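The block underneath contains the structure these notes are about, expressed in structure tokens.
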Amino acid sequence: MTEAILRNWIPLRRDLILHRRTLVLVAVMYTAFQAWFVTSFNNPMVWLVFNCIYFSFLTVTPLTADEKTQTLPWLCTLPVTRADLVRGRYVTSWALVLALYAVSVALAALMPGSDISPVWMLGPDRLLLVAGVVTFIIALLLPFTIRFGFTGMLLTLVAAQVLGGVMLVVAKITGGDLGSGISAAVGILREGIFALRGSLGVLGFQLALLVVLFLANWASYRASVWLFRRREF
Amino acid sequence: MEHVLDIERATKRYKGFTLDQVSLQLPRGYIMGLIGPNGAGKTTLIKLILNLIHRDGGTIRVFGLDNLASEAEIKSRIGFVPDEPRFHDDATLQSVASAVAPYYTHWDSKRFATLAGEFELPLKKNFKKLSHGTKTKFALALALSHGAELVLLDEPTTGLDPVFRRRLLDKLAGLLEGERTSVLFSSHITADLERTADFVTFVKNGRVVFSNTMDQVAQSWVVVKGGRETLDADARAFLEGVRVRAHGFEGLTSQADEARRRFGNGYVIERASLDDIMVLFGKEGSNDD
């Protein structure tokens, strides 16, 4: 156990040292942004989801910095396997997510005029929502970024934009109402979640969700390892 | 004899270039020079050892272990200096060293501090502000601070001033005093290798031409010099490389004794330097003048 913690601490420590300047910049920007947000956003749920999307992208910053400075080949000469390097990336990303969420909670508690309750933010459902949104983005983004670098991240974003554009065009051509379609899909998802929650019980549902999120991260990690092993420097 | 590096028919195929069935062995406690023109495959071979690229065939054993199956263990015992060291631009040298140190069980902070002082490294400066030579010195200090048993150097002397080049070579020779460390040193500055290497491997067009001790190379390779009119078809067939000049020719062969028997009076036969071998090998007699 101690050895496993140490093995994961070493890459996290490396990122904290080598990307210190970027991380400080990110932290300052994030804090300033959130300080404004917690006093200006009157819909906490929308704010929470937006916040998750925002800091999920921020966690990829150190990885794109490695690409920019072309230090990945050097990292691969260190006495670790490619799988270790990839795991380090996931550990760093999740550590940053935790740190940034802690900043948000602190700001919600301490900023004068804050409309968001820190107690509400720390409720199990909200924490699971945060973990779910972050998992969805990180699990999708990291494999592409690890394989293709900054270009991979951009391609993922562009692909999402193109998909949205195509859906709008299709809706326009077929005379469909995209807004209603999305609302219907969200409604079905919501009903499904409530049905599942009803049948499993609150605790059972939360545990099941945790397992699913863990498996999604694990699958993303395995995909990233497979992709990173194919890279040549 | 224990080999720290044992490469058997290592192959890597790229579009337009193949590192073709390269084999070599480096015994513990020796320096091997890897020579060859640009694009010969020296860096490709070093990258294969470090698993930075995937091999398409053959085996690579380091310290008796397969370099893929025991990657992390092997790398913990290797020090590597690339031809163009790249670390994080905005990090100070001290930061990079402290980020690297925990990866190595045998990291020796005192040794790093000593080397940093010896190489006059500005530890508080950001990496991007350093000259190429200082970057190489820093990479070398990192490579030598964790008790590496195999040091891989890819063109380390390129861009270094002559004073430090000499100091680097002395440092490498000093590493061997304990007979524990081995060095694989790629360079096209052959004078550096002649000064330090015990073994030399010559790679050209992705193939190993020879991999021998320096003594064997000195004994077997010679340059034959003679008048142009004496360079007949038999002589051309015998020589492994020929350069024809206005007033004569220079030919290279690895059969020194046979060359002395075959070419008698009217020829000059000299020991071939590594430079001669690099320049003349495979040359087919075109006039350079």
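Just so you know, these numbers use all the heavy atoms, side chains as well, and skip hydrogens, waters and symmetry mates. From a predicted model like this one, the values you see are computed outputs, not experimental measurements. Each chain gets a letter, A, B and so on, in the order its sequence line appears, and its residues count up from 1.
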Exercise for the section: Flag yes if more than 12 heavy atoms outside R207(B) fall under 6.0 Å of its CZ atom; otherwise flag no. Expected result: no

Exercise for the section: Look at atom NE2 of H54(B) and say whether more than 12 heavy atoms of other residues, nucleotides or ligands are closer to it than 6.0 Å. Expected result: yes

Problem - Spatial distance of atom CG (L72(A)) from atom CG (L52(B)) [nearest 0.5 Å] - result: 11.0 Å

Exercise for the section: List the atom of K75(B), the atom of C76(A), and the distance in Å for their closest heavy-atom pair. Expected result: NZ-O, 2.5 Å

Fill in the blank from the handout: Interatomic distance, CD@E71(B) vs CZ@R82(A), rounded to 0.5 Å, equals 7.0 Å

Completion exercise
dist L142(B):CG -> L78(A):CG (nearest 0.5 Å) comes out at 9.5 Å

Practice task
Mind ranking P102(B), P85(B), P82(B) by heavy-atom pairs under 4.5 Å with chain A and telling me who comes out on top?
Solution key: P102(B)

Exercise for the section: Using a cut-off of 6.0 Å, state whether more than 12 heavy atoms not belonging to F136(A) lie near its atom CZ. Expected result: no

Practice task
Measure Y103(B) against the heavy atoms of chain A and call it side chain, backbone, both or neither at under 4.5 Å.
Solution key: both

Exercise for the section: Would you check if the side chain of H19(A) reaches a backbone N or O of H88(B) as a donor-acceptor pair within less than 3.5 Å? Expected result: no

Exercise for the section: For F144(A), look at atom CZ and say whether over 12 heavy atoms of other residues, nucleotides or ligands are found less than 6.0 Å away. Expected result: no

Problem - CD on E232(A) to CG on N51(B), rounded to 0.5 Å - result: 9.0 Å

Practice task
Report, as yes or no, whether the 6.0 Å neighbourhood of atom CZ on F233(A) holds more than 12 heavy atoms from other residues, nucleotides or ligands.
Solution key: yes

Handout entry: Residue selection (most heavy-atom pairs with chain B, distance under 4.5 Å) from L18(A), T69(A), I17(A)
Key = L18(A)

Problem - Portion of R20(A) that has a non-hydrogen atom of chain B nearer than 4.5 angstrom - result: side chain

Practice task
Taking the side chain as every heavy atom from C-beta outward, state whether T71(A) and F127(B) have any pair of such atoms under 4.5 Å apart.
Solution key: no

Practice task
Give a yes or no on this: more than 12 heavy atoms of other residues, nucleotides or ligands lie within 6.0 Å of atom CG of N205(B).
Solution key: no

Completion exercise
Scored by heavy-atom pairs under 4.5 Å with chain B, the best of D84(A), V80(A), T81(A) is V80(A)

Handout entry: Beyond-backbone contact of P79(A) with R77(B), side-chain heavy atoms, under 4.5 angstrom
Key = no

